[in-house]
Amino acid sequence: MLNLDYIRSQFPGLETDWVLFDNAGGSQIARPVVDRINEYFYTSNVQLDGSYPHSVLAEERHDEAHRKLAGWINAADPGELILGSSTSLLVRILADNFRRILRDGDEIIVTNCDHEANIGAWRDLANYGFTVKEWKLNPDTLKLENEDLEDLLTERTQLVAFTAASNVLGMLNPVKEFTRTAHKYNALVCVDAVAFTPHRLIDVQESDVDFIVFSFYKTYGPHYAMMYGKMNLLEALPGFNHFFIKEAPYKFQPGNYNFEFCHGLGALPDYFSELAEIHGYKGTDSVRDKFKYIYSMIAEHEEELCSPVMEYLNSRNDIRIIGPTGSSSEIRVPTISFVQKNRDSREITLKTDEHRVAIRWGHFYAYRLIRDLGLDKQNGVVRISMVHYNDKDETNRLLEALDYAL
């Protein structure tokens, strides 16, 4: 079992009388991340590449953070990590690079269920004469089907954009299978892992993804984001910076990006590694093995949190769960969406507010999905989103609040 007392002590934002189950909208930031951000401000808040000691220290901290983050997602080279202000911006930078290298008749495939961050930028390429195809959820299973993807792929397909886990459905997608299918047609993949990364360990080499993006403010860090790209692809793309900056990742990072956040983010891999040791890890010295160990425990804990909520919602004949109706960590993360028959979703969250239980209503920027499911007329869905620092007492308070609100 997870040591929740220790874990919760690492998140000062939990020191409140509210239950925070809006984590998919923004998680609490870990104390070690804040400590390192402050450390950078106070002791090395200067420009990189200087010869004087403060600048040397700043660059050492920058490089160390990149190495740790690369190990966290199993990137082969720290230079494959591009940092920026948001996932939306990083995908737009990537899409703009593709705009400049695509040829007439080239095709892009997007889904109808992703967050708009991984849809809009690619769809906009249709304005430049490229073909954009839509890979739709199976309306019966609410799944993306590999067979449907294969039907859309052709020799002209250049890229497929899809999500690792839906921020509305909570469903885990088979990233490796979809990637393998796209690669059969020599198409690249861009994977949105924003709703995945708070719950599961990324392995870019094992999954063989070409690009993957996620946001740190939903993964226990500040409002910042990261994009991974295979080095050979980054080197081949034109870039998005001054003409004389040719090397990755700098050619995709215009201006000075946030060095203090970069240093702070290096604390996240350390947090998970130390968490494994605190929870009895007895394996090799491999940091990667420590990550796998603790993430397995996190998945089990989150399933235990999810289970009573799913049981409660399934027990009601006026509730429709939008996504998988089970709680197994094999098929979902603990992001749960539902609607109540003949009820505006906003009304429900206003009622849970009265119990100091924070959940959310809306389309969550997966607007096309909500519209295609016909849920926009009732203000979208109600979404409950849990992470590893939540506990069973909070789940009990949630169930009491739902019973009152519904």
Original post:
side chain to side chain contact (heavy atoms under 4.5 Å, CB included) between His115 and Phe364: does it pass, once the steps are laid out?
Top reply: CA-CA 7 Å; His115 187 292; Phe364 305 105; over 6 Å; no
Neighbour count above 12 (heavy atom, 6.0 Å) for [X] [atom1]:
X      : atom1 : value
Lys143 : NZ    : no
Arg288 : CZ    : yes
Lys133 : NZ    : yes
Tyr40  : OH    : yes
Glu354 : CD    : yes

Tell me which donor-acceptor pairs under 3.5 Å the side chains of residues 188-202 have, and how far apart each pair is, sequence neighbours excluded?
unit_1	atom_1	unit_2	atom_2	d
Asp192	OD1	Val194	N	2.9
Thr197	OG1	Ala193	O	2.7
His199	ND1	Glu302	OE1	3.1
His199	ND1	Glu302	OE2	3.0
Arg200	NH2	Ser329	O	2.9
Arg200	NH2	Arg332	O	3.2

Closest heavy-atom pair and its distance - [X], [Y]:
X      : Y      : answer
Gly380 : Ile370 : CA-CG2, 3.9 Å
Ser44  : Ala58  : O-CB, 3.6 Å
Thr111 : Glu134 : C-CG, 4.2 Å

Can you tell me how far the [atom1] atom of [X] sits from the [atom2] atom of [Y], to the nearest 0.5 Å?
X      : Y      : atom1 : atom2 : answer
Glu311 : Thr325 : CD    : OG1   : 12.0 Å
Leu398 : Asp393 : CG    : CG    : 12.5 Å
Arg371 : Asn112 : CZ    : CG    : 8.5 Å
His223 : Ile29  : NE2   : CD1   : 9.5 Å
Leu402 : Ile348 : CG    : CD1   : 8.5 Å
Leu234 : Glu80  : CG    : CD    : 7.0 Å

**OP:** Write out all pairs satisfying ring pair (Phe, Tyr, Trp, His ring centres under 6.0 Å) with one or both partners inside residues 294-346, taking only residues at least two apart or from two chains.
**Re:** Phe272-Tyr295
**OP:** Using the ring pair (Phe, Tyr, Trp, His ring centres under 6.0 Å) rule, collect all pairs that involve residues 340-359, keeping only residues at least two apart or in two chains.
**Re:** His355-Tyr404
**OP:** Please check if the side chain of Asn118 supplies one atom and the backbone of Ala161 the other of a donor-acceptor pair under 3.5 Å.
**Re:** no
Original post:
Does the side chain of Arg156 pick up a donor-acceptor pair with the side chain of Thr131 at under 3.5 Å?
Top reply: no
Original post:
Do Glu303 and Ser327 have a side chain donor and acceptor closer than 3.5 Å?
Top reply: no
**OP:** Please test Tyr257 against Phe259 for ring-ring contact (aromatic ring centres under 6.0 Å, His included), starting from the C-alpha separation and ending with a verdict.
**Re:** CA-CA 6 Å; Tyr257 72 98; Phe259 300 134; 5.2 Å; yes
Subject >> Derivation of the side chain to side chain contact (heavy atoms under 4.5 Å, CB included) call for Leu153 and Val160 >> reply: CA-CA 9 Å; Leu153 286 160; Val160 181; 3.9 Å; yes
Quick one: list whatever passes ring pair (Phe, Tyr, Trp, His ring centres under 6.0 Å) with [X], sequence neighbours left out.
X      : value
Trp135 : Phe178
His183 : none
Phe261 : Tyr224

**OP:** Please name the residue in the list Lys68, Arg67, Arg31 that meets the salt bridge (charged side-chain N to carboxylate O under 4.0 Å, His left out) test with Asp270.
**Re:** Lys68
Original post:
Between His62 and His66, how do the two ring planes meet: parallel, tilted or perpendicular, split at 30° and 60°?
Top reply: tilted
**OP:** Measure up the Tyr220 and Tyr389 rings against each other and bin them: parallel (under 30°), tilted (30 to 60°), perpendicular (over 60°).
**Re:** perpendicular
Original post:
Between Glu64, Arg36, Glu39, which is the residue that forms a side chain to side chain donor-acceptor pair (under 3.5 Å) with His263?
Top reply: Glu39
Within a strict 4.5 Å, meaning less than it, do heavy atoms of the [X] and [Y] side chains meet?
X      : Y      : result
Asp114 : Trp122 : no
Ile336 : Met310 : yes
Gln340 : Gln378 : no
Glu394 : Val357 : no
Leu149 : Ile109 : yes
Pro78  : Asp63  : no
Asp391 : Ile7   : no
Arg360 : Thr349 : no

Subject >> Asp106 vs Leu125, side chain to side chain contact (heavy atoms under 4.5 Å, CB included): CA-CA, chis, key distance, verdict >> reply: CA-CA 10 Å; Asp106 282 349; Leu125 295 184; over 6 Å; no
Is [X] salt-bridged to [Y], going by a charged N under 4.0 Å from an acidic O?
X      : Y      : value
Asp210 : Lys230 : yes
Arg99  : Asp124 : no
Asp318 : Arg316 : yes
Arg100 : Asp96  : yes

**OP:** Using the side chain to side chain contact (heavy atoms under 4.5 Å, CB included) rule, pick out the option among Leu233, Val213, Leu237 that qualifies with Leu94.
**Re:** Leu237
Original post:
Taking Tyr271 as the fixed residue, which of Trp72, Phe291, Phe11 is the one that meets the ring pair (Phe, Tyr, Trp, His ring centres under 6.0 Å) rule?
Top reply: Phe11
